[in-house]
Amino acid sequence: MSSYVLIDSPGVPIKAWTRGVDLADNAIEQLQNTARLPIIHSHIAVMPDVHWGMGATIGSVIPTVGAVVPAAVGVDIGCGMCAVQTTLTARDLPDSLKAMRLVIEEAVPHGRTAGRSRRDKGSWGEPPRRVTNLWKAHLAQGFEALCDRYPVLVKTNNLCHLGTLGTGNHFIEVCLDEGERVWFLLHSGSRGVGNRIAMVFIEKAKKDMAGHLGDLPDQNLAYLSEGSVHYADYVEAVLWAQEFARINRQVMMEHVVSAVRGMKGLPRFEADRMVVNCHHNYVAAERHFDRECLVTRKGAVRAGAGDLGIIPGSMGAKSFIVRGRGNPESFESCSHGAGRALSRTAAKKRYTLDDHIEATRHVECRKDSGVLDETPMAYKDIDAVMKAQADLVDIVHTLRQVVCVKG
DNA sequence: ATGTAC
């Protein structure tokens, strides 16, 4: 049974669930910077997948009182995972999984969204009616209210990105659990519009603090203070973007399920036995240690007692469906994945395409040089990461990928 | 991560 270790801090305590996993020096330095902010409630919690990120480390939980740090939430507001268990089993799957991969790629726009004049596959030309209806029912009104005050948000990819995957480490997978049941798993966030919202408020925070930015250990830790217009607007905007991200994942999952249902040769199946949709890049108002605060989980998942969460490994590694243990010292949180061991550039330098092909030989996935920065060797050992957080979550299901779609 | 400009 693991527990946290204390990292030397010039400010509030830094409690780290990192026993048995590497902790890079640049991550420690960043944690110490964050711990010095005057707005932290109680302490900072560090997850075993921690690594350097813009502003604050990815894989950390930062509770604040009276302020919020937009760059700590990050540019992919509401980024997270969605998973469903189906009633299909491994023996229902065809020998060649390529057809299934193509069907999923066809059903969900993925990849870069190019400029307006160029052809692109990353957004809807014409969003399906289901997407437009969800937008109108849950997102349109809030978006108009934000656009009234922030007209720069008007011309963003918003509706045309609802139900689309994106690029980088965003993916869709078909997995098998320990009982050979088929699952669908996907990773995505709030796409273009969430990115723009984040950029706008990261700038506002720096401007609002212009007079005393020099007092901060890092300019990217600039915060918006409660009582200011920008603080209230950011909280409104970030919650809206998080809802966009959640619905984005829901729509993609619906399209994956219906696309696979349309494949010839598969039996009828259900996909509603176990459904999980969780953010791992977000802010939420919660109560911890007898105080209302804003909890920023940057690469961390809520793990309250009984909460279901998703912890993906990497291409070719295991992923986990977990149940939270509600550990108060972690602000009821767990890691969001394996965490990078190597930066994208370092991974591309260190490994060859042949290394990647060997590491992913059991997975129907991209095997070109464009995904070398996502190769399994670029990530920490997921088993060590899970062991280090044994007092934060219990493992409910262990999944292995058989198909992986990347943007 | 995303969009846009180089």
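Small disclaimer: the values here were computed from a predicted structure and weren't measured. In the text below, chain A, chain B and the rest are named by the order of the sequence lines, each starting its count at 1.
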Exercise. Name the orientation class of the two ring planes belonging to A/Tyr150 and A/His230 (parallel below 30°, tilted from 30 to 60°, perpendicular beyond 60°).
Key: tilted

Practice problem: Using atom CE of A/Met54 as one end and atom P of B/dT2 as the other, report the distance to the nearest whole Å. | Solution: 15 Å

Exercise. For A/Leu153 and B/dT2, give me the distance from atom CG to atom C1', rounded to whole Å.
Key: 14 Å

Quiz item: Would you say A/Thr113 reaches B/dT2's phosphate, i.e. side-chain N/O to OP1/OP2 under 4.0 Å?
Solution: no

Quiz item: For A/Arg112, which contact category applies under a 4.0 Å heavy-atom criterion: base, sugar-phosphate, or nothing?
Solution: base

Exercise. Give one of base, sugar-phosphate or nothing for A/His161, where a contact means two heavy atoms less than 4.0 Å apart.
Key: sugar-phosphate

Quiz item: Any idea how A/His43 and A/Phe289 line up, ring-wise: parallel (<30°), tilted (30 to 60°), or perpendicular (>60°)?
Solution: perpendicular

Quiz item: Between A/Thr156 and B/dG3, does any side-chain N or O lie under 4.0 Å from OP1 or OP2?
Solution: no

Quiz item: Given B/dA1, B/dG3, B/dT2, which nucleotide is nearest the side-chain atoms of A/Asn157?
Solution: B/dG3

Quiz prompt | Gap between atom CG of A/Asp218 and atom CE of A/Met54 - 0.5 Å precision | solution = 9.0 Å

Quiz item: Taking OP1 and OP2 of B/dT2, is either one under 4.0 Å from a side-chain nitrogen or oxygen of A/Arg191?
Solution: yes

Self-check item: Gap between atoms CG and P, on A/Leu162 and B/dT2 respectively (whole Å)
Solution: 14 Å

Quiz item: Atom CZ of A/Phe171 and atom C1' of B/dA1: how far apart are they, to the nearest Å?
Solution: 15 Å

Quiz item: Are any side-chain N or O atoms of A/Arg297 and backbone N or O atoms of A/Val283, one a donor and one an acceptor, separated by less than 3.5 Å?
Solution: no

Quiz item: Rounded to the Å, how far apart are A/Lys406 NZ and B/dA1 P?
Solution: 9 Å

Quiz prompt | Residue whose nearest DNA chain B nucleotide is more 5′ - A/Asn169 or A/Arg196 | solution = A/Asn169

Quiz prompt | Face-on cation placement of A/Arg191 at A/Phe244 ring, 6.0 Å and 45° thresholds | solution = no

Quiz item: In whole angstroms, how far is the C1' atom of B/dA1 from the CG atom of A/Asn281?
Solution: 10 Å

Quiz item: Could you give the CG-to-C1' distance, from A/Leu186 to B/dA1, as a whole number of Å?
Solution: 16 Å

